[in-house]
**Q** 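Here it is, the structure in full.
Bear in mind the structure is a predicted one, so any value in this text is a computation, not a measurement. All ligand and atom numbering here is 1-based and tracks the order in the structure.
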Amino acid sequence: MTHSDRILMGPGPCNPYPEVIEAFNRPVLGHLDPEFIPVLDETGDRLRKVFATDNPLTFPVSGTGSAGMEAAFVNFIEHGDVVVVGVNGVFGGRMCDVAARAGAEVVRVDAPWGTAIDPQRLLDAHPSPKIIAVVHAETSTGVRNDIAPIGAGKGDALLLVDCVTSLGGIPVRLDEWGVDIAYSGTQKCIGVPPGLAPLSVSPRAVGHIVERPQSWYLDLNMIAKYVTGGSARAYHHTAPISMIYALHAGLGVLLDEGLDNSFARHQSCGDALQAGLVDMGFELFAQEGHRLPELTTVVVPTDRLPAGVDEAGVRRQLLDRYGIEIGGGLGEFAGKVWSIGLMGHTARQRNVTLFLAALGEILAA
Ligand code: PLP
């Protein structure tokens with residue numbers, strides 16, 4: 001088994017689209033080369049379509065999804081600002097940490113892992129927060145949190161949403177939902193390797209960017225000049241050219257397929273996987289009605305594992321015998337749930353069929 005045979009069905013990166021792999025072969029240009037700038041501009045245009053927004057400040061932050069998360073918080077927080085954060089998994093918890101390190105007074109709204117956060121609890125958590133933050137698709141539990149009702153009731157607060165696992169896989173509509181600050185990652189439903197964090201900031205939120213954010217590298221006051229400066233682009237940092245080509249290509253594949261078609265493909269694969277697991281007698285972990293099609297969590301069937309094999313051993317057999325990678329659960333559910341991703345190029349019926357058959361064979365041994 002060579003690495004190129006791997007089927008990446010974990011919660012991390014998916015298999016990139018073939019067009020994306022080809023994009024890495026494009027010659028590397030200087031980051032201010034006149035031939036590169038249009039690619040960067042078009043990448044911004046494509047991101048606006050995928051985020052369903054008109055926000056001029058929309059661009060890929062250099063760094064993985066966590067860099068997007070940091071950029072989304074540090075640029076808007078001054079010491080003592082109140083930030084309400086919904087937590088129903090690992091990444092909501094990480095948001096609290098990032099916001100607190102940036103000096104925020106964090107008001108944490110917890111919901112049991114595996115369930116969705118009640119939007120009204122977030123709206124009622126504080127009378128006048130500066131930011132209300134929530135993860136749209138909580139990768140660690142496979143749960144989708146509703147965003148539109150928070151946007152409708154947010155008042156003067158800025159609504160900050162993590163779209164790392166949702167963008168491209170399920171509907172994300174920043175402008176319609178009233179989202180002010182959103183970030184994502186390239187490696188999930190966009191079908192590109194990890195390395196960039198698409199970020200979008202509403203004009204209202206741009207007015208709230210603090211003068212001197214705690215991070216130099218992620219300071220939007222400076223990067224924005226670089227990405228939206230029109231003819232007068234300034235050097236801020238050396239853009240990761242090849243990653244931007246790859247993102248540009250991945251977004252092209254997604255838009256050529258059509259966003260609605262991509263959502264339908266993810267949904268039908270997720271439905272088939274979840275129905276197949278239930279037919280095999282497994283218990284799905286995420287709350288019904290809030291299950292992500294692109295990331296399924298299933299309770300590890302400890303009583304059905306082959307003799308002498310633990311859950312990690314089953315995952316190891318999936319990898320060694322079938323080339324299929326799945327995840328072992330994150331945070332407090334490590335070892336207790338399996339996370340099965342069907343994201344981007346990996347969201348194919350053939351992968352669902354192969355995975356279900358492979359798991360059945362291993363458990364029957
Ligand atoms: N937010 C969510 C919902 C995630 O799933 C992840 C990563 O899986 C992150 C943030 C962090 O992204 P990265 O690992 O690319 O830094």
**Q** Does anything in residues 259-270 form a salt bridge (Lys or Arg N to Asp or Glu O under 4.0 Å)? List the pairs, not counting sequence neighbours.
**A**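 Those involving residues 259-270 are E257-R265.
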**Q** According to the salt bridge (Lys or Arg N to Asp or Glu O under 4.0 Å) rule, which pairs have a member within residues 236-248, sequence neighbours left out?
**A**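 Residue pairs with at least one partner in residues 236-248: there are none.
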**Q** Whether the Y322 and Q317 side chains hold a donor-acceptor pair (N or O, under 3.5 Å, no angle test) is what I'd like checked.
**A**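 Their side chains do not contain a donor-acceptor pair, so the 3.5 Å distance test is not met.
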**Q** Between ligand 1 and the protein, find all N/O pairs closer than 3.5 Å and give the distance for each.
**A**
residue: ligand 1; atom: 1 (N); partner: D162; partner atom: OD2; Å: 2.6
residue: ligand 1; atom: 5 (O); partner: T139; partner atom: OG1; Å: 2.4
residue: ligand 1; atom: 8 (O); partner: K188; partner atom: NZ; Å: 2.7
residue: ligand 1; atom: 15 (O); partner: G65; partner atom: N; Å: 2.9
residue: ligand 1; atom: 15 (O); partner: Q187; partner atom: NE2; Å: 2.8
residue: ligand 1; atom: 16 (O); partner: T64; partner atom: OG1; Å: 2.7
residue: ligand 1; atom: 16 (O); partner: G65; partner atom: N; Å: 3.4
residue: ligand 1; atom: 16 (O); partner: S66; partner atom: N; Å: 2.8
residue: ligand 1; atom: 16 (O); partner: S66; partner atom: OG; Å: 2.5

**Q** Kindly state whether the ring of H236 and the ring of W216 have centres lying under 6.0 angstrom apart.
**A**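 When the ring centroids of H236 and W216 are compared, they turn out to be within the sub-6.0 Å range.
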**Q** Compile the donor-acceptor pairs under 3.5 Å between side chains in residues 145-163 and protein atoms, sequence neighbours left out, one pair per line.
**A**
residue: N145; atom: OD1; partner: N88; partner atom: ND2; Å: 3.0
residue: N145; atom: OD1; partner: I117; partner atom: N; Å: 2.9
residue: N145; atom: ND2; partner: N88; partner atom: OD1; Å: 3.3
residue: N145; atom: ND2; partner: V135; partner atom: O; Å: 2.9
residue: D146; atom: OD1; partner: R144; partner atom: NH1; Å: 2.5
residue: K154; atom: NZ; partner: G178; partner atom: O; Å: 2.8
residue: K154; atom: NZ; partner: D180; partner atom: OD2; Å: 2.9
residue: D162; atom: OD1; partner: V164; partner atom: N; Å: 2.9
residue: D162; atom: OD2; partner: Y183; partner atom: OH; Å: 2.7

**Q** State, without any angle test, whether N55 and S200 hold a side-chain donor-acceptor pair at a distance under 3.5 Å.
**A**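 There is such a pair (donor and acceptor under 3.5 Å, judged by atom type) between the side chains of N55 and S200.
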